Amino acid sequence: MEALEFFRLMVLAGFKPDGVTVASVLPACSHLEMLDTGKEIHAYALRTNELIENSYVGSALVDMYCNCRQVSSGRRVFNAFLERKIALWNAMITGYAQNEYDKEALNLFLEMYAASGLSPNSTTMSSIVPASVRCEAFSDKQSIHGYVIKRGLEKNRYVQNALMDMYSRMGKTQISETIFNSMEVRDIVSWNTMITGYVICGRHGDALNLIYDMQRVKEKTNMNDNAYDDEGRVPLKPNSITFMTILPGCAALAALAKGKEIHSYAIKHLLAFDVAVGSALVDMYSKCGCIDLARAVFNQIPIKNVITWNVLIMAYGMHGRGEEALELFKNMVDDGSRNKEVRPNEVTFIALFAACSHSGMVDEGLDLFHKMKSDHGVEPATDHYACVVDLLGRAGSVEEAYQLVNTMPSELDKAGAWSSLLGACRIHQNVEIGEIAANQLLELEPSVASHYVLLSNIYSSSGLWDKAMDVRRRMKEMGVKKEPGCSWIEFGDEVHKFLAGDLSHPQSEQLHEFLETLSEKMKREGYVPDTSCVLHNVDEEEKETLLCGHSEKLALAFGILNTRPGTTIRVAKNLRVCNDCHMASKYISKILDREIILRDVRRFHHFKNGTCSCGDYW
DNA sequence: GTAGGGTTAG
């Protein structure tokens, strides 16, 4: 800021800023995204031949325009230069790449090479590598590594970081590791890139280990000081990017113990109260089944934004606590009247409708839907319709839900709404409307497995076996495959995964035996296996066996067998929980006196003493 | 010049 003020004073006082002055004040405009001031300086430079022919001024102008997202203005400045130095080429290439004009960046790179005879340097390559990664038209990505070596740029930290990222995104984490391990100097970006690489390929344990290592290296470098960032400081403290990379991984895995460790690091590094990290923590706790911890973290974040609130509203909704979600929304609106950072947005309403839907609060949800535009300025979009159709349909008003789909504005995509409607028809066994919805969906999204599965289930639960088989056949013909059911549970340092009917787990035999004995005990208490979700053309006894192989039951059995009596069991699943597993979990919670927290793909089920927090409404 | 951006129904 001061630099800019100084510049103005200088001009006002009659001094003529030279190229050096202008080229050093422009980066300030660029950094602060002060486009108008930047334009003012550009206009000033245009009045002086000496200035506008200065290549450094040109590069700074290109950079300023591109940083203010005025890429075409940047290109005009670039074009005006006939004699182009490498800094000018780099400014334009980087400008393109940072605005994701990847093809343009690559074309300019080729042009630079062909037309000017200039050799790309490390700056050029650290923009070209990410641009080529994103650019689909550029297929032989790995060849760029060879090119980097040919140019002797493979020892540059920025280029190495960019290459590591490239390999991670190509699924070749091992090569990223090789580069990372070979680096003489690593900075925070190197570490974060490697951590991200591990998260991308699902190696969460390795990602976490790297955060440990990071802190050890920090101690080492404090002594010999061979790693530094741009300002020459020792940089190897995790930053907010580190935490935001790893926390969603913990959330997805429902890895509570790991999440808590990360939380303690975040506290240690004074980042737990950062709004972005804090929001990610709230989400992590919520998705690990700890709604009260999520609330506690939320309460401690001093400055919240709309995402922080949305995360918590969503969390209460997922846990079936709709009343509290609405209460939070009131607080949010209240807070938003003073702070425009927390005004409800389109995601807020999705979270609210989901919360109402999970808690059967139809009237409250509809009321919000009718007021969202008038009271909060949020236009109902296609996703909102899909949620409200779900809200109505799930509660049994299938006809009304159908009417809502029909009254949707024509410009909106209806696939989501049809899909909600189809789901409702499955729950309430409405063949007629289900067929209508399915016909639309099989037209719009012929390769989505769930549409076929839902329709087939609607038919078979109404005894229309032939039609059900027909849909299955059609699905097979289309080559559409259903995502296999998968459940997982954190145990010790690892997350154990189970697929439906999985026999690969080392304790597999023991788990199946245990489930069979348990099943007998449950039957004595009144449990009747619900075989309706097993569609195979097999007899009842075989259906029961198939049910025992459901992934959530296997994960649950694993948890019970490997933890002390009374320990709460937390299981997560990639699909919705099936009727029978839901029922069985209720019995198990009672017979074995265990709290079971089961997260399905949409919401939580807290089983305790024979009942579920969802009230059997899901 | 290189790393991420957290929340989203079915």
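Only heavy atoms go into these numbers, but all of them, side chains included; no hydrogens, no water, no symmetry mates. Order of the sequence lines sets the chain letters (A, B, ...), proteins ahead of strands, with each chain counted from 1. Quick caveat: nothing in here was measured; it's all calculated off a predicted structure.
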Test side-chain hydrogen bond (donor to acceptor under 3.5 Å, both in side chains) applied to A:Asn67 and A:His31, step by step: CA-CA 8 Å; A:Asn67 217 25; A:His31 183 68; 5.9 Å; no
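Counting non-hydrogen atoms under 4.0 angstrom, A:Asp383 reaches a base of the nucleic acid. If you check every strand for non-hydrogen atoms under 4.0 Å, A:Thr193 touches sugar and phosphate atoms only. Nucleic acid contact for A:Asn239: base, since at least one base atom lies under 4.0 Å from a heavy atom of the residue. Nucleic acid contact class of A:Ala386 (heavy atoms, under 4.0 Å, all strands): base. Using a 4.0 Å heavy-atom distance criterion, A:Thr348 is classed as making no nucleic acid contact. Residue A:Gln98 is in sugar-phosphate contact alone, with no base atom involved, counting any heavy-atom pair closer than 4.0 Å across all strands shown. The residue A:Ser279 sits close to a base: some heavy atom pair falls under 4.0 Å. Heavy atoms of A:Val311 sit under 4.0 angstrom from primed sugar atoms or phosphate atoms, though from no base atom. Within 4.0 Å of A:Met314, counting heavy atoms only, lie sugar-phosphate atoms of the nucleic acid but no base atom. The residue A:Arg169 sits close only to the backbone: its heavy atoms come under 4.0 Å of sugar-phosphate atoms, none of a base. Across all strands shown, A:Lys287 has heavy atoms under 4.0 Å from sugar-phosphate atoms exclusively, and none from any base. A:Val601 comes within contact range of no nucleotide atom at all, as no heavy-atom separation falls under 4.0 Å. As judged by a 4.0 angstrom heavy-atom cut-off over every strand, A:His451 is placed among residues making no nucleic acid contact. Residue-level contact check: A:Asn156 touches the bases, meaning some heavy atom is under 4.0 Å from a base atom.
With a 6.0 Å cutoff to the six-membered ring centre and a 45° limit on the axis angle, A:Lys414 does not count as a cation-pi contact of A:Tyr385.
For the residue pair A:Arg75 and A:Tyr96, a side-chain donor N or O sits within less than 3.5 Å of a side-chain acceptor on the partner.
Between the side chain of A:Thr196 and the base of B:dG4 there is no donor-acceptor pair of N/O atoms closer than 3.5 Å.
Atom P of nucleotide B:dA3 and atom CG of A:Leu210 are separated by 17 Å, given to the nearest angstrom. Separating the CG atom of A:Asn121 from the C1' atom of B:dT2 is a distance of 14 Å, rounded to the nearest angstrom.
Taking the six-membered ring where tryptophan is involved, the planes of A:Tyr147 and A:Phe109 are perpendicular, since the angle between them exceeds 60° and thus also 30°.
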Return a table of donor-acceptor pairs under 3.5 angstrom between the side chains of residues 376-384 of chain A and protein atoms on other chains or two or more places apart.
| from | atom 1 | to | atom 2 | distance (Å) |
| --- | --- | --- | --- | --- |
| A:Glu379 | OE1 | A:Lys373 | NZ | 3.3 |
| A:Thr382 | OG1 | A:Asp413 | O | 2.5 |
| A:His384 | ND1 | A:Ala381 | N | 2.9 |
| A:His384 | NE2 | A:Glu346 | O | 2.9 |

